[in-house]
Amino acid sequence: MPLPYNHTSYICPLTAGDVLEDNPVGRLKVFVYELPSKYNKKILQKDPRCLNHMFAAEIFMHRFLLTSPVRTLNPEEADWFYTPVYTTCDLTPNGLPLPFKSPRMMRSAIQLISSNWPYWNRTEGADHFFVVPHDFGACFHYQEEKAIERGILPLLQRATLVQTFGQRNHVCLKEGSITIPPYAPPQKMHAHLIPEKTPRSIFVYFRGLFYDVGNDPEGGYYARGARAAVWENFKDNPLFDISTEHPTTYYEDMQRAVFCLCPLGWAPWSPRLVEAVIFGCIPVIIADDIVLPFADAIPWEEIGVFLDEKDVANLDTILTSIPLEMILRKQRLLANPSMKQAMLFPQPAQPGDAFHQVLNGLARKLPHDRSVYLKAGEKILNWTAGPVGDLKPW
């Protein structure tokens, strides 16, 4: 068995990069459009489960901005414009978001703001941001092939997208997007904290699906086969505590583990990444070309381990060959409260949290280049582009 690494005895005070601790207040002003409640609050009233699923950042970002000191009620002095649309709050009985109405809903909201205010038309959205936490962001589909086929909603081509999906060279991530962590309930996780001096006696930990028989009966498509390879190679390895069962001690177990696997599923991201950072478990990221949350502020290369999907069969050799000094260094960095804070959307908001990291990302894009402002009568976006079904009224 591996050494029971203790995650506190070697900790010394560390500070995250200056960027991680930036204070966005005073660096930007955001105007929040007041939309009819059918775009947000009424949708949530219909299904309160939306407050707890991994896509809930769109709801909490709205609530945060309404009371944030960066909010301005004067649109003439705004640097950024925010449109609060809850596009993922349409859930199946099992709690999975259905994205099929999302494009029409988003188009409807944009038509509304472009008709009632002059600000969208000045830039066709280049100084607007939208929170789109679907599996594949503003491509609005949970299957990658269909998402790629759809592409990003044409009306959002100039806007800044704040999204959980991040993969390099992918049609569903456009340049300039801000990649955020998925929502994980802060209070629920904090309720499961165990004493810091608890030894880390589990070497590798993972709970979740290895196959998705319902949606991928032949195998190989789900997680591009990476999860299946983990199971087939390591299900009997004593260093690996892996299973499809989700125990009530899941959060406690992560705090007893040295490495937590964060493989791709249908999309490259998952809440495991947030959970691993919060619980000080070194994330083992198995998702080729993933773009990680707030990558310009969080030193992912220093706190995590990256493994190419093709190398999963060598996972045990790779992890056991990492020097103890490097493991301890990663654990020290993970113990930094700033690192953990940046991954959470707490209620109420706290300095340095994910809300503030989004604002920092927006502030770093200022000032807007003069070229984003259109000349009189100039049009760039095509309002009739996209699948015919998306053009129907919402």
Is R227 reaching over with its side chain to a backbone N or O of Y211, donor-acceptor style, under 3.5 angstrom? no
Is there a side-chain contact between I59 and C50 (heavy atoms, below 4.5 Å)? yes
Is it true that, when you exclude N74 itself, more than 12 heavy atoms of the residues, nucleotides or ligands shown sit nearer than 6.0 Å to its CG? yes
Under 3.5 Å, is there a donor on one side chain and an acceptor on the other for H62 and Y86? yes
Determine whether more than 12 heavy atoms belonging to other residues, nucleotides or ligands lie under 6.0 Å from atom NZ of K392. no
Q111 and W383, any side-chain heavy atoms less than 4.5 Å apart: yes
Test item: side-chain donor near acceptor, H192 and Q255, under 3.5 Å: no
Under the 3.5 angstrom rule, does the side chain of K340 hit a backbone N or O of L334 as a donor-acceptor pair? yes
Could you label the plane-to-plane angle of the H128 and F130 rings as parallel, tilted or perpendicular, counting under 30° as parallel and over 60° as perpendicular? parallel
Knowing that exactly one of D135, D212, D216 qualifies, which makes a side-chain hydrogen bond (donor to acceptor under 3.5 Å, both in side chains) with W266? D212
Looking at F355 and P346, what are the two nearest heavy atoms and their distance? CE1-O, 3.3 Å
Closest approach of L344 to A184 (non-hydrogen atoms, all atoms of both residues): CD2-O, 4.1 Å
Could you go through H170 and E144, starting from their C-alpha distance and side-chain angles, then the distance that decides it, and tell me whether this counts as side chain to side chain donor-acceptor pair (under 3.5 Å)? CA-CA 10 Å; H170 197 286; E144 185 171 19; 2.8 Å; yes
What orientation do F31 and W117 show, parallel under 30°, tilted 30 to 60°, or perpendicular over 60°? perpendicular
Any carboxylate oxygen within less than 4.0 angstrom of a Lys/Arg side-chain nitrogen, looking at R207 and D241? yes
Could you tell me if T92 and N94 have a donor-acceptor pair between their side chains, going purely by distance under 3.5 Å? no
Would you check if there is a donor-acceptor pair between the side chains of T83 and Y39 at a distance under 3.5 Å? no
How about F55 and Y183: do any of their side-chain heavy atoms sit closer than 4.5 Å? no
Does the separation of the ring centres of F81 and Y119 fall below 6.0 angstrom? yes
Aromatic ring proximity, centroids under 6.0 angstrom, F203 and F240: no
Anything under 30° is parallel, anything over 60° is perpendicular, the rest tilted; go ahead and classify W80 against H368. perpendicular
Would you say K46's side chain and D90's backbone share a donor-acceptor pair under 3.5 angstrom? no
Are the side chains of L292 and I298 in touch, meaning some heavy atoms are under 4.5 Å apart? no
Sub-4.5 Å side-chain heavy-atom contact between V274 and P182: yes
Minimal non-hydrogen separation, A109 against L35, with atom names: CB-CD1, 4.2 Å
Tell me whether the rings of F100 and Y142 are parallel (<30°), tilted (30 to 60°) or perpendicular (>60°). perpendicular
Nearest heavy-atom approach of A257 to C281 is O-SG, 3.6 Å
Under a 3.5 Å distance rule, please check whether D308 uses its side chain to pair with a backbone N or O of K310 as donor and acceptor. no
Drop me the distance from S102's OG to H134's NE2, to the nearest 0.5 angstrom. 3.0 Å
Q357 and A297: which non-hydrogen atoms are nearest, and at how many Å? OE1-CB, 4.1 Å
Salt bridge check: are R122 and D127 linked by an N-O gap of less than 4.0 Å? yes
Run the salt-bridge test on R224 and D288 with the 4.0 Å N-O cut-off and return the result as yes or no. no
Looking only at heavy atoms, which two atoms of I152 and Q157 are closest? And how far apart? O-NE2, 3.4 Å
Quick check: W300 with F294 (ring centres under 6.0 Å apart)? no
Between E149 and H141, is there a side-chain heavy-atom distance shorter than 4.5 Å? no
Has E378 got more than 12 heavy atoms of other residues, nucleotides or ligands less than 6.0 Å from its CD? yes
